[in-house]
Amino acid sequence: QVQLVESGGGLVQPGGSLRLSCAASGFTLGDYAIGWFRQAPGKEREGVSCISSTNTGRFYAEPVKDRFTISRDSAKNTVYLLMNSLKPEDTAVYYCAAAETCYYDDYEVFDYDITYWGKGTLVTVSS
């Protein structure tokens with residue numbers, strides 16, 4: 001069964017850190033670009049970050065650049081999103097997705113041509 005499963009979300013205080021994981025089953029994560037997207041309550045989904053299938057391209061949206069880091073562990077078939085200096089506005093459900101390539105322009109990550117979506121993990125940043 002093909003699926004992406006996110007984990008690592010939770011409640012964290014402003015300024016804290018979390019590491020999200022995106023684990024794949026039923027396919028090889030390394031064959032795909034993997035993106036992270038988020039949707040806050042009452043808002044549209046937005047792109048956060050993307051890593052290319054070759055790991056040579058790592059892209060970040062403007063609101064998270066310099067705070068978030070995307071990485072891949074091919075041996076574990078997992079992609080990570082390390083989130084530092086978290087802010088209340090980072091509160092959202094975070095989704096990972098697999099695509100043939102990252103679509104990125106001017107510090108914006110796009111959800112084009114997604115092959116697989118995960119079901120999401122909730123991140124709440126609050127004191």
Side-chain angles (χ1 to χ4, degrees):
Q1 182 181 1
V2 171
Q3 58 179 351
L4 284 170
V5 179
E6 302 93 339
S7 61
L11 174 64
V12 63
Q13 292 188 342
S17 298
L18 281 176
R19 189 181 75 161
L20 305 184
S21 299
C22 172
S25 60
F27 70 102
T28 302
L29 210 62
D31 291 340
Y32 293 85
I34 301 298
W36 284 96
F37 301 85
R38 67 185 183 185
Q39 187 165 20
K43 295 188 176 181
E44 292 189 356
R45 185 173 62 207
E46 64 174 349
V48 174
S49 182
C50 188
I51 185 168
S52 66
S53 59
T54 58
N55 297 331
T56 55
R58 305 183 190 207
F59 308 99
Y60 300 94
E62 179 68 36
V64 308
K65 70 181 181 71
D66 302 326
R67 299 189 297 124
F68 290 11
T69 302
I70 193 169
S71 63
R72 184 195 300 266
D73 186 333
S74 297
K76 295 184 178 180
N77 217 25
T78 301
V79 167
Y80 302 99
L81 185 70
L82 176 61
M83 306 185 296
N84 294 323
S85 303
L86 282 162
K87 306 174 181 179
E89 51 263 44
D90 294 318
T91 294
V93 177
Y94 284 71
Y95 302 89
C96 65
E100 200 168 307
T101 188
C102 291
Y103 291 93
Y104 173 83
D105 182 55
D106 196 19
Y107 293 106
E108 191 169 355
V109 177
F110 300 99
D111 59 353
Y112 299 155
D113 296 335
I114 300 296
T115 303
Y116 305 117
W117 281 100
K119 293 185 177 181
T121 185
L122 176 63
V123 172
T124 303
V125 184
S126 175
S127 55

Look up atom CD in E44 and atom CG in D111, then write down how far apart they are to the nearest 0.5 Å.
10.0 Å
What I want to check is whether the side chains of S17 and N84 have a donor and an acceptor closer together than 3.5 Å.
yes
OG1-CG distance between T124 and D90, expressed to the nearest 0.5 angstrom
11.0 Å
Test item: S49 and Y60 side chains (from C-beta on) under 4.5 Å apart, heavy atoms:
yes
Can a salt bridge be assigned to the pair R38 and E46 using a cut-off of 4.0 Å between side-chain N and carboxylate O?
yes
CG/L4 to OG/S25 distance, rounded to the nearest 0.5 angstrom?
8.0 Å
Counting C-beta onward and ignoring hydrogens, is there a side-chain heavy-atom pair between F59 and C102 closer than 4.5 Å?
yes
Main chain of G120, side chain of E6: is a donor-acceptor contact present, judged purely on distance under 3.5 Å?
yes
Co-membership, hydrophobic cluster, residues V5 and V2, 4.5 Å side-chain
no
M83 vs Y94 side-chain heavy atoms within contact, under 4.5 Å:
yes
I need the minimum non-hydrogen distance between A40 and T91, along with the two atoms involved.
CB-O, 3.5 Å
Would you call L18 and V123 a side-chain contact if the rule is heavy atoms closer than 4.5 Å?
yes
Heavy-atom pair of closest approach, residues L86 and R67
CA-NH1, 3.9 Å
Same cluster (ILVMFWY, side-chain, under 4.5 Å), I34 and F68
yes
In one Ile/Leu/Val/Met/Phe/Trp/Tyr side-chain cluster, 4.5 Å: L20, V125:
yes
Where does the angle between the aromatic ring planes of W117 and Y95 fall among parallel (under 30°), tilted (30 to 60°) and perpendicular (over 60°)?
perpendicular
Over all atoms of both residues, closest heavy-atom pair of G9 and T121
N-OG1, 3.2 Å
Does a donor on one side chain sit under 3.5 Å from an acceptor on the other, for T56 and T54?
yes
Does a side-chain heavy-atom distance below 4.5 Å link S71 with L82?
no
Does the S52 side chain pair with the main chain of N55, one donor and one acceptor, at a distance under 3.5 Å?
yes
Could you tell me whether Q3 atom CD has more than 12 heavy atoms of other residues or ligands within 6.0 Å of it?
yes
Could you report the tightest heavy-atom contact between T78 and S21, atom names first, then the distance?
CG2-CB, 4.1 Å
K65, NZ: over 12 other non-hydrogen atoms inside 6.0 angstrom:
yes
Anything under 30° is parallel, anything over 60° is perpendicular, the rest tilted; go ahead and classify F110 against Y112.
parallel
C96 and its side-chain contact (heavy atoms from CB on, under 4.5 Å) partner, picked from W36, F37, Y116:
W36
Under a 4.5 Å cut-off applied to non-hydrogen side-chain atoms, are P88 and P14 in contact?
yes
Heavy-atom side-chain proximity of Y103 to D113 below 4.5 angstrom:
yes
Could you measure the distance from the CG atom of N77 to the CG atom of L29? Nearest 0.5 Å is fine.
5.0 Å
Check whether any side-chain heavy atom of I51 lies under 4.5 Å from a side-chain heavy atom of V79, and answer yes or no.
yes
In this structure, CG of L81 is separated from CZ of R19 (nearest 0.5 Å) by 10.5 Å
Ignoring hydrogens, what is the shortest heavy-atom contact between V109 and A61? Give both atom names and the distance.
CG2-N, 4.2 Å
